[in-house]
Peer 1: 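First, the structure itself, so that you have it in front of you.
Fair warning: this is a prediction, and the values are worked out from it, not measured in the lab. Below, chain A is the first sequence line, B the second, and so on; all start at residue 1.
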There are 2 protein chains.
Amino acid sequence: MKLQLHIKMNEALFLRNPESSELGKNILKHSVQLISKTGFEAFTFKKLAEDIGTTEAGIYRYFENKHKLLVYLTAWYWAWLEFQISFHTNNMNDPAEKLKRVIKLLATTVEDDEKTNYIDESLLYQIIIAEGSKAYLTKQVGEDNKQQFFKPYKDLCAVVGTIILACCPNYKYPKSLASTIIEMAHFQNFFMNNLPSLTDFSESKEESEIIAFLNDLVFNSLKNAQ
Amino acid sequence: MKLQLHIKMNEALFLRNPESSELGKNILKHSVQLISKTGFEAFTFKKLAEDIGTTEAGIYRYFENKHKLLVYLTAWYWAWLEFQISFHTNNMNDPAEKLKRVIKLLATTVEDDEKTNYIDESLLYQIIIAEGSKAYLTKQVGEDNKQQFFKPYKDLCAVVGTIILACCPNYKYPKSLASTIIEMAHFQNFFMNNLPSLTDFSESKEESEIIAFLNDLVFNSLKNAQ
DNA sequence: TTTAAAAAGATAGTAATACTATCATAAATA
DNA sequence: TATTTATGATAGTATTACTATCTTTTTAAA
């Protein structure tokens, strides 16, 4: 028996649901491959169409433009990650242990999840690191936010914030600390691999060091707020 | 007497030194205005040329493309900020006070600095917040880094890291904490204004709260490493 | 099983973007 | 005054980011 994980996506993100057809699934699959290969700037619907063996117009029937597609992919990732977190922290009683597990999940390169067949999570993780912030660092962030495009990200942040508060009800900045952990899990990874002098992990290039740094950061903040 | 602050820029960033002519200075001045107005994605050399009253080709004589121009502006900002920091922390003995001052400088909206006539620092600060990471979140980050485009950012990070170590020589992650402070000073500002539920400052929208959060984060980390 | 609706393929076309090239003119400098 | 250098004016190209239309194929309802 194989379990199928399904993430319900915001309908305003697409013109036609990419999960509803083979072509749609191919768009998701190949866009993840192509964006992680060429970067978001050089990524075009024309190249994507060539990769898939369809036409540009075919892609445009699913996504209005490449920005929406990027937002879709990031939203999908955050929703998937929130599920991972709820799955892996289920039945954990100690909130501090829970928080440690969350940090580990955030900062660990994902392996391809068999439960989702058309998205390669390990490539998507690389996209999130290098392109993720471009989903919201735009002039349209306000409108996009109104349409709830960033809800999965905000939900994840809220979940992490709640765990932080469970660890330490007096802590004053649970949401900001949550967004800091999430962003830094990725930025420190990007820096470690691309601008190593911005980190202390340039020699080992080990994710475990990023995790140790984030744990140190978080638990010192919470310890002193007791 | 008026002091003129001059920042020596990496020559590989431009084709012709924009500081060497009126047109060049206009390119800097108007690009800051136009990018902060339209965002980097919608910003084009054509629009910039129209704004200035010159031609597209004229801009291309100074900058190879808009990415180089963005990198130029961010590099300029980091170099300017490093000077601000060294100026405002000069003669401070207590490294903890120094660090607090640095955090304040990082997270406070800049006023236009009279010492530089063609760059509006307050607009540039907004660009750094919303577009700054796009300077390095690209596929060419490795080559750009080889050409030392990010040296001012790395230098600033090193300066902050040194102050952190002066506060607490045992602290294990001075560079990562430095890059975390720098990035979060801007990201928390962006979130506060655009995706407020990712922060704890959505009501007040006060920079002072970001500063308080960062101080809390940093000094709790250092206190426990004594 | 037929029929109609929906999706996909094929092709064309447009406006804008991201450049490069050329030639004339104006300004600075030697 | 001659000459270099910067700017202006104009043109042109390849690519991007779409939109439109028409045909064929697939799917799903009657």
Side-chain angles (χ1 to χ4, degrees), chain A residues 9 11-31 34-35 37-73 118 131 134-135 138-140 143-144, chain B residues 9 11-31 34-35 37-73 118 131 134-135 138-140 143-144:
Chain A
M9 298 295 294
E11 306 224 331
L13 280 170
F14 49 76
L15 299 170
R16 181 172 299 166
N17 191 340
E19 294 180 293
S20 71
S21 70
E22 274 314 301
L23 177 57
K25 288 172 194 167
N26 267 323
I27 290 173
L28 297 179
K29 183 178 180 166
H30 285 87
S31 65
L34 192 56
I35 293 172
K37 186 178 145 203
T38 66
F40 187 64
E41 279 70 39
F43 167 81
T44 69
F45 277 6
K46 184 143 190 248
K47 290 178 197 163
L48 177 59
E50 277 160 22
D51 268 26
I52 297 173
T54 183
T55 59
E56 229 182 325
I59 317 282
Y60 278 105
R61 289 192 184 109
Y62 285 84
F63 290 98
E64 226 179 300
N65 52 50
K66 69 175 187 169
H67 176 248
K68 283 262 171 74
L69 175 52
L70 179 66
V71 176
Y72 181 100
L73 293 174
Y118 40 88
E131 324 286 353
K134 295 172 192 169
T138 68
K139 280 282 159 184
Q140 334 123 30
E143 295 151 51
D144 286 358
Chain B
M9 299 294 295
E11 306 225 332
L13 279 171
F14 50 77
L15 299 170
R16 182 173 300 168
N17 192 339
E19 294 180 294
S20 70
S21 71
E22 274 314 301
L23 177 57
K25 287 171 194 169
N26 267 323
I27 291 173
L28 297 179
K29 183 177 180 165
H30 286 86
S31 65
L34 191 57
I35 293 172
K37 186 178 147 204
T38 66
F40 187 64
E41 279 70 38
F43 166 81
T44 68
F45 277 5
K46 185 145 190 246
K47 290 178 197 162
L48 177 58
E50 277 159 23
D51 268 27
I52 297 174
T54 182
T55 58
E56 229 182 324
I59 317 281
Y60 278 106
R61 290 192 184 109
Y62 284 85
F63 289 99
E64 224 179 301
N65 52 51
K66 69 174 186 169
H67 175 249
K68 284 261 170 76
L69 174 53
L70 178 67
V71 175
Y72 181 100
L73 293 174
Y118 40 88
E131 324 286 353
K134 295 172 192 168
T138 69
K139 281 282 160 184
Q140 335 121 29
E143 295 150 51
D144 286 359

Peer 1: Between A/Y62 and A/S21, what is the shortest heavy-atom contact and its length?
Peer 2: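 Closest approach of A/Y62 to A/S21: OH-OG, 2.5 Å.
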Peer 1: Write down the distance between NZ (B/K46) and C1' (D/dT10), rounded to a whole number of angstrom.
Peer 2: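 Nearest whole value for this atom pair: 13 Å.
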Peer 1: When the distance from CG of B/L48 to P of D/dT7 is rounded to whole Å, what number comes out?
Peer 2: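 These atoms are roughly 14 Å apart.
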Peer 1: Could you go through B/L73 and B/E131, starting from their C-alpha distance and side-chain angles, then the distance that decides it, and tell me whether this counts as side chain to side chain contact (heavy atoms under 4.5 Å, CB included)?
Peer 2: CA-CA 10 Å; B/L73 293 174; B/E131 324 286 353; over 6 Å; no
Peer 1: Which heavy atom of A/E56 sits nearest a heavy atom of A/A49, and at what distance?
Peer 2: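 Shortest heavy-atom separation between A/E56 and A/A49 comes out as N-CB, 3.5 Å.
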Peer 1: With sequence neighbours left out, what residues match B/E22 under side-chain contact (heavy atoms from CB on, under 4.5 Å)?
Peer 2: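 Partners of B/E22 under the side-chain contact (heavy atoms from CB on, under 4.5 Å) test: B/K25.
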Peer 1: Here's a test for you: under side-chain hydrogen bond (donor to acceptor under 3.5 Å, both in side chains), which of A/E19, A/H30, A/K29 qualifies with A/Y118?
Peer 2: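 Of the listed residues A/E19, A/H30, A/K29, the side-chain hydrogen bond (donor to acceptor under 3.5 Å, both in side chains) partner of A/Y118 is A/E19.
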Peer 1: What residue among A/D51, A/I52, A/T54 forms side chain to side chain contact (heavy atoms under 4.5 Å, CB included) with A/I27?
Peer 2: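 The passing option is A/I52.
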Peer 1: Roughly how far apart are B/L13 CG and B/E11 CD, rounded to 0.5 Å?
Peer 2: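 Rounded to the nearest 0.5 Å, the CG-CD separation comes to 10.0 Å.
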Peer 1: If you assign A/T54 and B/A42 each to the DNA chain C nucleotide with the nearest heavy atom, which residue ends up on the more 5' nucleotide?
Peer 2: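 This one resolves to A/T54.
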Peer 1: To check you understand the geometry: which heavy-atom pair defines the closest contact between A/A135 and A/V71, and what is its length?
Peer 2: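 Result for this residue pair: O-CG2, 4.0 Å.
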Peer 1: Output all residues satisfying side-chain contact (heavy atoms from CB on, under 4.5 Å) with B/F43, sequence neighbours left out; order by chain, then residue number.
Peer 2: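 In terms of side-chain contact (heavy atoms from CB on, under 4.5 Å), with neighbours along the sequence ignored, B/F43 is linked to B/S31, B/L34, B/I35, B/T38, B/F40, B/F45, B/L48, B/K66, B/L69.
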Peer 1: Assuming nearest nucleotide by heavy-atom distance, tell me which of B/T55 and B/R16 is located more 5' along DNA chain D.
Peer 2: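 Its nearest nucleotide lies further toward 5', so the answer is B/R16.
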Peer 1: Using a cut-off of strictly less than 4.0 Å between a heavy atom of the residue and any atom of DNA chain C, enumerate the qualifying residues of residues 60-73 of chain B by number.
Peer 2: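 Per residue number, the list reads B/Y60, B/R61, B/E64, B/N65, B/K66.
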Peer 1: Figure out the CD/C1' separation between B/E56 and D/dA14, and round it to whole Å.
Peer 2: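 From B/E56 CD to D/dA14 C1': 14 Å.
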Peer 1: Residues from residues 21-30 of chain B sitting under 4.0 Å of DNA chain D, heavy atoms only?
Peer 2: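 Result for residues 21-30 of chain B: B/S21, B/L23, sorted by number.
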Peer 1: Nearest-Å distance, CD (B/E41) to P (D/dA17)?
Peer 2: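 Those two atoms, CD and P, are 11 Å apart.
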Peer 1: Applying side-chain contact (heavy atoms from CB on, under 4.5 Å), name anything that partners B/T44, two or more places apart in sequence or on another chain.
Peer 2: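 B/K46, B/K47.
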Peer 1: Can B/K134 and B/E41 be counted as an ion pair, charged N to O under 4.0 angstrom?
Peer 2: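 A salt bridge links B/K134 with B/E41.
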Peer 1: Nearest whole Å is fine: how far is D/dA6 P from B/I52 CD1?
Peer 2: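 So the CD1-P distance, B/I52 to D/dA6, works out to 17 Å.
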Peer 1: How would you give the extent of chain B contacts on DNA chain C, as first and last nucleotide 5' to 3' within a 4.0 Å heavy-atom cut-off?
Peer 2: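 Both ends considered, the range comes out as C/dT17 to C/dT22.
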